[in-house]
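No hydrogens, no waters, no symmetry mates; every other heavy atom, side chains included, goes into these values. Every chain is numbered from 1, with letters handed out A, B, ... down the list of sequences.
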Amino acid sequence: MIDIKLVRQDPEAVKKALGRRGEAGPIDDLLAVDAERRRCLAELQALQEERNRLSREVASRMKEGRGKPSHGTPGSEIKDRIKAVEAKVVEHDRIMASMALNIPNIPHISVPDGDSHNNNILVSECGKKPEYDFNPLPHWEIGECLGILDFETATKLSGSNFPLFKGLGAKLERALYTYMLDLHTGEHGYTEVIPPYLARRACMLGTGQLPRMETDMYRVEQDDLFLVPTAEVPLVNMHREQILEEASLPLRYVSLTPCFRREAGSYGRDTRGLLRVHQFDKVELVAITRPEESYDVLEKMLAHAGEAVRRLGLAYRVSLLCAGEISFASAKTYDIEVWAPGVGQWLEVASVSNCEDFQARRAEIRCRRSGGKGTFHPHTLNGSGVALARTFLALLETHQRGNGTVGVPEALRPYMGGVEVIG
RNA sequence: GGAGAGGUGGCAGAGUGGAUGAAUGCGACGGAUUGCUAAUCCGUUGUACUGGCGUAAGCCGGUACCGAGGGUUCGAAUCCCUCCCUCUCCGCCA
């Protein structure tokens, strides 16, 4: 949620920043409603003050045994006025909230301008694209031949673009996420969490999936619960409406969950095989930090995610997203893409973002300043560490051999019961 | 699905109409003391909005908040209604 104080203080700067995302944002309207709201609020508070004063008068009379004032009830006429003005304030609050909830986060100063992936800045490239003395196959061919992927059956079960892993495919998937969890808990210091996979509406609002992305979410109508699109939702919302102790920061969590996405409107684009599926496993990193350290933590999380990919022997590159490409809640985002030689594409497997206090404000996560007064909103960060379906496919395509088999990278072998080759 | 109980400050937990932002305990912070990483004693300690002053840390004033919303009343944490949430027991099921 955007900070209304910032909007009041410098509306032009806010407009300009949002403009970088290609969003106008109803800033002038917001300000107008805010001003009117405050005018009504002042009126309301003056009336309430008067009511309280009168009522105290009655109280002291009663105490002195003089009884109620005989002529009417001095406060009763005020009641209607209070009610009327209060209704106005509430209405203005409602309008402001509905506007504010739809305004995206302000991009960080270091985020480049631009509105397409062409404007993203390549930060680094790691590992070499593999070369083959044969024509590398796409993963769906490799997977179907080895009997470890079965898209046809998945479609029979749930419709198109759902994955089904089988045999060593299932084991490889399990090896991948177990390896990542062990890496992040063991070497990078994150606390593992297994959260519920369905989340309340309030959670979805808190992290910013709602209201805008509702049509992309799977929703269980009967209970008004949403299948989590990412573990970021439960992990950040663990602390919703809480006041944390500053000394407890940073909080760092890692979680494996399936991620459910309807991908409404994306049909026909990169939808073969595992490229874009409605359900995929993802190991997610989340951090809640003091504002002054959040950008350091962002760099660390990026490194942690990169390390997970690097050890798998995959070629990957890191880019800094331009203002028009970052997601609703993010102020700054790095993407990690792995090279998939079979399909000949760079595929996004991780997105590491600093949401600053945007989510904390929405989710009412606050922090008590140690040794000081008052509270502040901590910064929230999230990053894939990393997403599985695409990592899985890049792994098959990268480590495929001319004879149709697939090598298992060393980092995964302990998790594969020592299996070195699939096929 | 059936029956019941309950939602109070960072946490635990009192409080059934009048100055209660709310006892008490814990925690946290400040101080005192003890020859020692502890104990004891004293003090302080909610959040948000809003107006004013100050460059500022902050200070002064007001209002709201005891799950949410509505009602009764001069006055509601306290009484009434609706909703939400949590818990317990039974049933069903892994």
Side-chain angles (χ1 to χ4, degrees), chain A residues 1-10 30-100 194 196-206 210 220-226 234 237-249 251 288 290-292 357 360-378:
Chain A
M1 183 117 67
I2 196 157
D3 184 358
I4 185 67
K5 284 179 189 155
L6 183 68
V7 177
R8 277 183 210 149
Q9 194 184 310
D10 196 347
L30 190 65
L31 275 175
V33 177
D34 177 54
E36 181 59 13
R37 172 186 165 276
R38 281 197 286 172
R39 200 192 58 72
C40 293
L41 191 61
E43 190 182 342
L44 173 66
Q45 292 187 347
L47 288 168
Q48 286 170 325
E49 189 175 354
E50 175 67 2
R51 179 201 59 196
N52 291 346
R53 197 182 57 75
L54 292 171
S55 136
R56 268 194 298 269
E57 227 167 69
V58 174
S60 64
R61 275 166 168 272
M62 304 281 283
K63 210 168 189 178
E64 291 164 23
R66 286 192 282 154
K68 278 188 174 184
S70 50
H71 44 80
T73 47
S76 65
E77 79 221 33
I78 275 185
K79 248 175 40 173
D80 294 335
R81 292 172 61 197
I82 286 183
K83 214 169 160 185
V85 180
E86 196 169 27
K88 278 201 252 174
V89 172
V90 167
E91 177 63 5
H92 286 123
D93 277 342
R94 200 188 56 73
I95 295 168
M96 278 182 70
S98 71
M99 284 197 272
I194 303 179
Y197 302 153
L198 286 101
R200 294 179 194 279
R201 180 170 286 273
C203 295
M204 303 296 279
L205 272 167
L210 297 186
V220 181
E221 190 174 359
Q222 210 170 13
D223 301 292
D224 200 29
L225 291 170
F226 294 82
N237 277 284
M238 284 200 295
H239 299 290
R240 179 162 44 91
E241 290 159 50
Q242 273 191 357
I243 301 181
L244 305 165
E245 291 299 331
E246 184 177 9
S248 71
L249 303 183
L251 297 169
I288 300 179
R290 297 183 304 139
E292 49 271 39
D357 64 2
R361 192 166 259 115
R362 289 183 155 238
E364 286 179 63
I365 302 169
R366 284 168 295 169
C367 193
R368 195 183 303 284
R369 188 67 79 182
S370 46
K373 287 177 84 175
T375 62
F376 63 93
H377 292 287

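Across every strand in view, B/rG17 sits unpaired, with no contact that passes the Watson-Crick or G-U test at under 3.5 angstrom. Using the Watson-Crick or G-U wobble rule with both distances under 3.5 Å, B/rG6 pairs with B/rC85. Of all nucleotides present, none satisfies the Watson-Crick or G-U wobble test against B/rC92 with each distance under 3.5 Å. Shown here, B/rG75 forms no base pair; nothing in the strands shown gives a Watson-Crick or G-U wobble contact with both key distances under 3.5 Å. As the counterpart of B/rA23, no nucleotide is assigned, since no Watson-Crick or G-U wobble pattern has both distances under 3.5 Å. Under the Watson-Crick and G-U wobble criteria, each requiring two contacts below 3.5 Å, nucleotide B/rG35 is left unpaired. In this structure B/rC29 sits in a base pair with B/rG43, meeting the Watson-Crick or G-U test at under 3.5 Å. When both distances must be under 3.5 Å, the Watson-Crick or G-U wobble mate of B/rC49 is B/rG62.
Contact between the side-chain N/O atoms of A/R8 and the OP1/OP2 oxygens of B/rU50 is found at a separation under 4.0 Å. A/N52 has no side-chain polar atom (N or O) that falls below the 4.0 Å cut-off from OP1 or OP2 of B/rG75. Distances shorter than 4.0 Å separate some side-chain N or O of A/R38 from OP1 or OP2 on B/rG51. Listed pair A/K5 / B/rC49 meets the phosphate criterion, a side-chain N or O lying under 4.0 Å from OP1 or OP2. At least one side-chain nitrogen or oxygen of A/R200 sits closer than 4.0 Å to the OP1 or OP2 atom of B/rU86.
The minimum heavy-atom distance linking A/V85 with A/E43 is given by the pair CG2-OE2, 3.5 Å. Of all heavy-atom pairs between A/H239 and A/Q242, the closest is ND1-OE1, 2.9 Å.
Side-chain atoms of A/S55 lie closest to B/rG75 of the nucleotides B/rG75, B/rU47, B/rG62. Relative to the side chain of A/K79, the nucleotides B/rA48, B/rU73, B/rA64 differ in distance, and B/rU73 lies closest. With B/rA64, B/rU47, B/rG18 as the choices, the nucleotide that has an atom nearest any side-chain atom of A/R366 turns out to be B/rU47.
Distance noted for atom P between B/rG2 and B/rU78: 29 Å (whole Å). Comparing B/rG21 with B/rU63, their P atoms sit 11 Å apart, to the nearest whole Å. Separation of the P atoms belonging to B/rU20 and B/rA38 is 38 Å when rounded to the nearest angstrom. Comparing B/rA28 with B/rC87, their P atoms sit 29 Å apart, to the nearest whole Å. With P as the reference atom, B/rA77 and B/rG9 are 14 Å apart, rounded to whole Å. Using atom C1' as the reference point in both B/rC80 and B/rG61, the two lie 36 Å apart (nearest Å). Nucleotides B/rU50 and B/rU45 place their P atoms 25 Å apart, quoted to the nearest Å. Comparing the same atom, P, in B/rA32 and in B/rU88 gives a spacing of 48 Å after rounding to whole Å.
RNA chain B is contacted by both A/R56 and A/V90; A/R56 maps to the nucleotide lying nearer its 5′ end (nearest heavy atom per residue). If you find the closest nucleotide of RNA chain B to A/R53 and to A/D34, the one lying nearer the 5' end belongs to A/D34.
To the nearest angstrom, P of B/rA48 lies 15 Å from CZ of A/R37. Atoms CZ (A/R369) and C1' (B/rA57) sit 13 Å apart, rounded to a whole Å. Counting to the nearest Å, the C1' atom of B/rU47 and the CZ atom of A/F376 are 15 Å from each other. Summarising the geometry, the separation between NE2 on A/H377 and P on B/rC49 is reported as 8 Å, rounded to the nearest angstrom. With rounding to whole Å, A/E86 atom CD is found 7 Å from B/rG70 atom P. Spacing between atom CD of A/E241 and atom C1' of B/rA68 amounts to 11 Å, rounded to whole angstrom units. For the pair A/Q48 CD and B/rG62 P, the computed distance is 14 Å after rounding to whole Å. Rounding to whole angstrom units, CZ of residue A/R368 and C1' of B/rA48 are separated by 13 Å.
Note on A/E86 versus A/K83: no salt bridge recorded, every NZ/NE/NH1/NH2 to OD/OE distance being 4.0 Å or above. A salt bridge between A/R56 and A/E50 is absent, with no side-chain N of the basic residue lying under 4.0 Å from a carboxylate O of the acidic one. With respect to A/E246 and A/R368, no salt bridge is recorded, no charged nitrogen being found less than 4.0 Å from a carboxylate O.
A/R362 places a side-chain N or O within 3.5 Å of a backbone atom of A/L205 that can act as its donor or acceptor partner.
Counting heavy atoms of neighbouring residues, nucleotides and ligands inside a 6.0 Å radius, atom CZ of A/R81 does not exceed 12 of them.
Both tests pass for A/R369 against the ring of A/F376: distance under 6.0 Å to the centre and angle within 45° of the axis.
Side-chain N/O atoms of A/E49 and base N/O atoms of B/rG62 include no donor-acceptor pair closer than 3.5 Å.
At the heavy-atom level, A/R39 lies nowhere under 4.0 Å from the strands shown. A/R94 comes within contact range of no nucleotide atom at all, as no heavy-atom separation falls under 4.0 Å.
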